[in-house]
Amino acid sequence: MATLGRLAPISVGLMAASAAPAAAMRLSYGSRAGARFAAGSVLATLAQQSLVGIAAARKNASLTAVDAMTLSRGVASAVLVGLLVSGVRRRNGVAGWLGWGSLVYGSIVCDWLDGPIARRLGATSELGALLDLESDSWLTLTAASSAATWGGLPGYCLAAPLARYALMVAALRRMPYAQIYADEPPWARPFGIAQMALFTAAMAPFGGAGTRLAVRLAAPFVAALQLVGMLLSYRRSQRTFST
């Protein structure tokens, strides 16, 4: 019950955080786009929080203030989902700045702060590690979808984010979740950072022809490296678990 007690206000707060972007979308692109944005962002938040509740209940763990910060990354994902559902396909203007600003918050500000804060406060936990990893993955998938939809990236850039979930489901048939990512290779994080940097650059509502050219040239290399890296990491986890 303590977990559910904390989950409810966090969920309400996350949904409330999408109210201002929804109002901005309505004022800039009309009531239909605003309503679609609101529906998409709310449904994305509800889906995330439902899964969080299930995970917390299974681990019999309570959410902390640091977990709430980690879950605020879901606001960034919800904004990106809302923009996808809204039908607005603009890298500039209000929509472009909302998407890019949300991505910067989720992938840089929040992602780089919640871990150190948790360690400083002694609030690290197995549940917190799970929420951090899955929040990253969900944000990466929504960012990839957005970058491919209105950021000009080719569709194959979605391959690695989608493969991550397919490989995780395959791995769960043989090993517990904690074992899948227990021995992550040192090169995995730089590959992930490069992938998110590509999405961030593609969605940026500023930058000229040089930026666009750099994004187009980098896309096939970054996408291929991340996909190969995921396959190698999956193979490594299987070997480690077998031994």
Side-chain angles (χ1 to χ4, degrees), residues 10-48 68-114 135-155 157-158 161 192-219 222-223:
I10 292 174
S11 301
V12 171
L14 295 181
M15 287 188 286
S18 298
M25 288 291 292
R26 186 178 188 280
L27 289 173
S28 300
Y29 305 107
S31 58
R32 185 176 183 182
R36 286 183 171 182
F37 176 91
S41 60
V42 167
L43 288 175
T45 301
L46 288 175
Q48 169 188 286
M69 181 177 182
T70 299
L71 292 174
S72 72
R73 227 172 294 166
V75 175
S77 300
V79 168
L80 294 177
V81 171
L83 288 171
L84 288 168
V85 174
S86 73
V88 178
R89 302 290 182 260
R90 298 181 185 179
R91 194 169 58 245
N92 54 11
V94 171
W97 282 102
L98 279 175
W100 186 78
S102 297
L103 180 56
V104 168
Y105 167 76
S107 63
I108 299 177
V109 178
C110 182
D111 188 31
W112 287 67
L113 286 179
D114 58 355
S135 293
D136 275 349
S137 297
W138 176 228
L139 180 60
T140 300
L141 179 58
T142 56
S145 301
S146 299
T149 301
W150 73 79
L153 284 187
C157 289
L158 278 161
I193 292 174
Q195 178 181 235
M196 191 59 79
L198 176 66
F199 299 156
T200 304
M203 293 170 58
F206 50 83
T211 302
R212 296 292 102 201
L213 177 61
V215 167
R216 287 197 298 271
L217 292 176
V222 173

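Hydrogens, waters and symmetry mates are skipped; everything else that's a heavy atom, side chains included, is used.
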Over all atoms of both residues, closest heavy-atom pair of Ile10 and Ala68: CD1-CB, 3.8 Å
Kindly write out the residues that satisfy side-chain hydrogen bond (donor to acceptor under 3.5 Å, both in side chains) with Tyr105, not counting sequence neighbours, or none if the list is empty. Ser72
From Leu83 atom CG to Met25 atom CE, the distance as rounded to the nearest 0.5 Å: 5.0 Å
How about Met196 and Leu103: do any of their side-chain heavy atoms sit closer than 4.5 Å? yes
Using the test side chain to side chain contact (heavy atoms under 4.5 Å, CB included), find all partners of Ser11 that sit at least two apart in sequence or belong to another chain. Leu7, Gln49
Applying ring-ring contact (aromatic ring centres under 6.0 Å, His included), can you list everything that pairs with Trp100, at least two apart in sequence or on another chain? Trp97, Phe206
Which ring pair (Phe, Tyr, Trp, His ring centres under 6.0 Å) pairs, counting each pair once, include a residue from residues 75-96, with sequence neighbours left out? none
Quick one: salt bridge (charged side-chain N to carboxylate O under 4.0 Å, His left out) pairs with a partner in residues 69-96, sequence neighbours left out? Arg73-Asp111, Arg73-Asp114, Arg73-Asp132, Arg73-Asp136
Taking every heavy atom of Ser86 against every heavy atom of Ala33, the minimum-distance pair comes out as CB-O, 3.7 Å
Taking the side chain as everything from C-beta on, heavy atoms only, tell me whether Ser145 gets closer than 4.5 Å to Leu84. yes
pair Leu80-Leu139: side-chain heavy atoms closer than 4.5 Å: yes
Any idea which heavy atoms bring Ala78 and Ser18 closest together, and the distance? CB-OG, 4.3 Å
Listed by chain and number, what are the side chain to side chain contact (heavy atoms under 4.5 Å, CB included) partners of Ala22, not counting sequence neighbours? Phe37, Ala38
Any pair counted as side chain to side chain donor-acceptor pair (under 3.5 Å), so long as it reaches residues 28-46, sequence neighbours left out: none
For the atom pair CD (Gln48) and OG (Ser77), what is the distance rounded to the nearest 0.5 Å? 6.5 Å
Applying side-chain hydrogen bond (donor to acceptor under 3.5 Å, both in side chains) to Ser137 and not counting sequence neighbours gives Arg164
Got a sec, which residues hit side-chain hydrogen bond (donor to acceptor under 3.5 Å, both in side chains) with Ser107, two or more places apart in sequence or on another chain? none
Hey, what do you get for CG (Leu158) to CZ (Phe199), rounding to the nearest 0.5 Å? 7.0 Å
What one should report as the nearest heavy-atom pair of Ala201 and Thr211 is O-CG2, 4.4 Å
Could I get the full list of side chain to side chain contact (heavy atoms under 4.5 Å, CB included) partners for Val12, not counting sequence neighbours? none
For Val79 and Ser102, which heavy atoms make the closest approach, and how far apart are they? CG1-OG, 3.3 Å
According to side chain to side chain contact (heavy atoms under 4.5 Å, CB included), who are the partners of Leu217, at least two apart in sequence or on a separate chain? Leu213
